[in-house]
Amino acid sequence: MQISSTAIILRNIRLHAQHGVLEQERLTGDEFIVNLRVAGDFAKACRTDSVDDTVNYAELYEIVKTEMMKPSRLIENVAYRIGQAILDSNSLVESVDVEVVKSNPPMGADCGGASVVININR
């Protein structure tokens, strides 16, 4: 049997942060949701049962939390920084999909949020 692909997914990481174009957004902040898909060759971990052969999802969460606490005007910038930091943190990572959702965007609409999704490859 051959494993064709492996990925680690973190869903619905909820954090309060101060991102936004408007000054008020950066002062009061908003709830953001981050979703990650981190792909790489983690097949060895499937056989060894060792965290040394994969990416520790607790460390992924800490990267997300650290980058989310750095205010940005655009969520595109936040998503890029998260993806780049994950690639820099572990050589096993081949690509990262990052979605950052602003739960209450200031646009006068009743919606489930505004988001960006980026894919970064090594």
Go through it in stages, so that I can follow the logic: the residues are Asn12 and Asn35, the test is side-chain contact (heavy atoms from CB on, under 4.5 Å), and I'd like the CA-CA distance, side-chain angles, deciding distance and then a yes or no.
CA-CA 6 Å; Asn12 299 323; Asn35 294 298; 3.5 Å; yes
Under the 3.5 angstrom rule, does the side chain of [X] hit a backbone N or O of [Y] as a donor-acceptor pair?
X	Y	value
Asp30	Asn104	yes
Ser72	Asn77	no
Arg122	Ser95	no
Arg26	Gly20	yes

same_hphob_cluster([X], [Y]) at 4.5 Å side-chain heavy-atom cutoff:
X	Y	result
Ile33	Val116	no
Tyr57	Val64	yes
Ile86	Met69	yes

Side chains of [X] and [Y] in contact at under 4.5 Å (non-hydrogen atoms):
X	Y	value
Ile82	Val78	yes
Val55	Val93	yes
Tyr80	Ile75	no
Leu74	Val21	yes

Supply the atom-to-atom distance [X] [atom1] to [Y] [atom2], rounded to the nearest 0.5 angstrom.
X	Y	atom1	atom2	value
Ser115	Glu76	OG	CD	10.0 Å
Arg14	Met68	CZ	CE	12.5 Å
Ser5	Phe42	OG	CZ	10.5 Å
Arg73	Glu23	CZ	CD	10.5 Å

Hey, are Glu67 and Arg81 close enough for a salt bridge, meaning a charged N less than 4.0 Å from a carboxylate O?
yes
List the steps, then state whether side-chain contact (heavy atoms from CB on, under 4.5 Å) holds for Tyr61 with Leu15.
CA-CA 11 Å; Tyr61 170 76; Leu15 297 163; 3.9 Å; yes
Which of these, Leu60, Ile63, Ile8, Ile9, sits in a side chain to side chain contact (heavy atoms under 4.5 Å, CB included) with Leu36?
Leu60
Excluding sequence neighbours, so at least two apart, what forms salt bridge (charged side-chain N to carboxylate O under 4.0 Å, His left out) with Asp53?
Lys44
Who passes salt bridge (charged side-chain N to carboxylate O under 4.0 Å, His left out) against Glu99, sequence neighbours left out?
none
Of all the heavy-atom pairs spanning [X] and [Y], show the shortest one and how long it is.
X	Y	answer
Gly113	Pro105	CA-CD, 4.0 Å
Ala45	Thr54	CB-CB, 3.7 Å
Thr28	His16	O-NE2, 3.0 Å
Ala43	Ile3	CB-CD1, 4.0 Å

Worked verdict on Val96 versus Asn119 for side-chain contact (heavy atoms from CB on, under 4.5 Å)
CA-CA 6 Å; Val96 182; Asn119 173 269; over 6 Å; no
Greater than 12 external heavy atoms within 6.0 Å of Asp49's CG
no
Any chance the rings of Phe32 and His19 have centres within less than 6.0 Å?
yes
Could you go through the side-chain contact (heavy atoms from CB on, under 4.5 Å) check for Asp41 and Glu94 one step at a time?
CA-CA 8 Å; Asp41 185 1; Glu94 296 168 1; 3.8 Å; yes
Check side-chain hydrogen bond (donor to acceptor under 3.5 Å, both in side chains) between Ser103 and all other residues, then give those that pass, not counting sequence neighbours.
Glu31
